[in-house]
Amino acid sequence: MDYIYLDNNATTPLLPVVWEAMRPYLTETFGNPSSAHAAGRRARRALEEARESLAAHLGAEAPEVLFTSGATEANNLALFGLCGESPGHLLASAVEHPSVSEPLRQLSTGGFHLDLLPVDKHGLVPVSSLTEHLRPDTRLVAVMLANHETGALQPISSLVKQLRDWAAERAAAAPYFHCDATQAVGKVPVHFHDLGVDTLALSAHKFHGPKGIGALVVRRGTPLRPRTWGGHQQYGRRPGTEPVALAVGLACALDYACRDMKERLAHVRRLRERFLAHLQAHAAPIVLNGPDDRCCAADPTGLPHTINVSFPGVPADVLLMNLDLAGVACSTGSACSSGSLLPSPVLQAMGVAEEVLRSALRFSLSPLLSLPAIEEAARRIAAVVSRLRSRPSIPA
Ligand code: PMP
């Protein structure tokens, strides 16, 4: 067992079955889905079947699914496409991924006012805080489903309900609600219409699908302004020749992830328990960041896949590099944060103490990991932590 990959929130390997499903659409069935001839029609059929399959797994309708290049594009498309003309008010949780927080920051430099919804010490948005921050000119609220650094699961349907009740009391149209569900889709059941959001973003490479494809699900009737122009494809909302093979890969990966999802989730919980038990016994003291009800609660507020843990006394960047040498891949946070060895903005928003912040690492699991692999990873981590802690002084 050489290299143990515990950075599945950054990306995952493509499943062989997904590659096999995609391959014909890169070779023999290569037509442009907009072409009228048989080759084009074959490609169109595969594309629309992929859209239908994705929609069915997400509790949406096929015309509500727009294929994008990934979640970054999907988030940008939703935020720029829904905000309307400035000035106006935008609201987002303080723990959004940079592909949400950065477009919002761009909008705020262009005349929008941006407010952040604070999170509690577990990284959760208190439902009651939403109405305190809403204003008559609020255009858009953005709250993610599962956090990329802590796995915290936000109470999206309760927040949407608060939003709609608030608007109904004022006989006003409710602001739009965008949800970045990138770290939840393929791991837990996600039902677009039950969540009640207007738009939802996802990305295939987070659940063993190909890189370069994601989707934005847009509630029927939502007036979404396109970000790009130049073609009629995807109702003109996201023009350009659709990448059929990638769409087939996305649908196949989600199909695979949704089959036996309960069993896979139970396996990831076991991996998590085994991993933490070893670290608690052999790398103490450790501090677990994020919700702590993930293995026992009936309705947990976090995903078991993400384990954000601090090793007080050991700087995270030093530990990360030593773990890489020991054959364990993990991260200090989002790979999309500029300078990803900097302290995590998510943990900062949670008010985590300085020492805990500076020694925090994110280990993210996949159901494909085996129990022996996770035990071996925990052994290596505990050994490296003990070695680093026993040094007289650790260079920062
Ligand atoms: N949102 C979240 C929560 C993510 O974790 C990521 C990937 N790090 C993204 C959006 C961006 O996804 P993509 O790589 O598909 O652009």
Side-chain angles (χ1 to χ4, degrees), residues 5-14 18 54 58 65-80 92-106 119 123-125 142-154 156 177-188 190 195 197 199-217 227-228 238 243 246-247 249-251 253-254 257 290 302-303 305-308 329-342 344-347 349-350 362-366:
Y5 183 78
L6 303 183
D7 199 14
N8 289 280
N9 282 12
T11 197
T12 57
L14 188 77
V18 176
L54 197 63
L58 295 172
V65 173
L66 297 179
F67 291 114
T68 62
S69 60
T72 300
E73 186 196 336
N75 284 329
N76 274 267
L77 182 57
L79 299 170
F80 282 96
S93 88
V95 293
E96 293 299 305
H97 184 267
S99 61
V100 169
S101 58
E102 281 301 310
L104 289 174
R105 209 178 54 78
Q106 287 294 325
V119 292
L124 296 164
V125 175
V143 181
M144 70 200 321
L145 185 47
N147 189 268
H148 47 296
E149 294 193 26
T150 63
L153 275 172
Q154 302 296 349
I156 299 298
F177 198 113
H178 173 64
C179 181
D180 175 4
T182 307
Q183 291 293 352
V185 170
K187 294 175 185 161
V188 282
V190 173
L195 283 174
V197 298
T199 47
L200 180 137
L202 63 115
S203 184
H205 73 98
K206 304 295 185 184
F207 49 91
H208 299 282
K211 292 175 188 58
I213 184 126
L216 182 68
V217 189
R227 287 283 283 159
T228 44
R238 204 288 193 172
L246 293 175
L250 167 56
L254 188 59
L303 289 186
H305 307 69
T306 309
I307 306 176
N308 195 309
C330 62
S331 86
T332 54
S334 162
C336 304
S337 302
S338 53
S340 52
L341 290 182
L342 294 174
S344 144
V346 172
L347 298 188
M350 289 159 58
R362 179 188 74 181
F363 303 95
S364 44
L365 313 181
S366 151

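First listed ligand is number 1; within each ligand, the first listed atom is number 1. Nothing fancy with the numbering, it's 1 onward along the sequence.
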Does the side chain of [X] come under 3.5 Å of the side chain of [Y] through a donor N or O and an acceptor N or O?
{"X": "Thr12", "Y": "Lys206", "result": "no"}
{"X": "Ser344", "Y": "Glu149", "result": "yes"}
{"X": "His208", "Y": "Ser366", "result": "yes"}
{"X": "Thr150", "Y": "Asn308", "result": "no"}
{"X": "Ser364", "Y": "His305", "result": "no"}

With heavy-atom distances below 4.0 Å as the criterion, list the atoms of ligand 1 near [X].
{"X": "Gly70", "value": "15 (O)"}
{"X": "Gln183", "value": "3 (C), 4 (C), 5 (O)"}
{"X": "Ser203", "value": "13 (P), 15 (O)"}
{"X": "His205", "value": "13 (P), 14 (O), 15 (O)"}

*Are Ser99 and ligand 1 in contact, using a heavy-atom cut-off of under 4.0 Å?*
yes

Structural part of [X] in contact with ligand 1, heavy atom criterion under 4.0 angstrom:
{"X": "Ala71", "result": "both"}
{"X": "Met144", "result": "side chain"}
{"X": "Lys211", "result": "neither"}
{"X": "Thr182", "result": "side chain"}

*side-chain contact (heavy atoms from CB on, under 4.5 Å) partners of Ala253, counting only residues at least two apart*: Val18, Phe207

*Side chains of Leu124 and Ser93 in contact at under 4.5 Å (non-hydrogen atoms)*: no

*Best match, Val95, Thr68, Thr72: closest heavy atom to atom 16 (O) of ligand 1*: Thr72

*Only counting residues at least two apart or in another chain, list the ones meeting ring pair (Phe, Tyr, Trp, His ring centres under 6.0 Å) with Phe177.*
none

*Please confirm whether His148 comes within less than 3.5 Å of ligand 1 when only nitrogen or oxygen atoms on both sides are compared.*
no

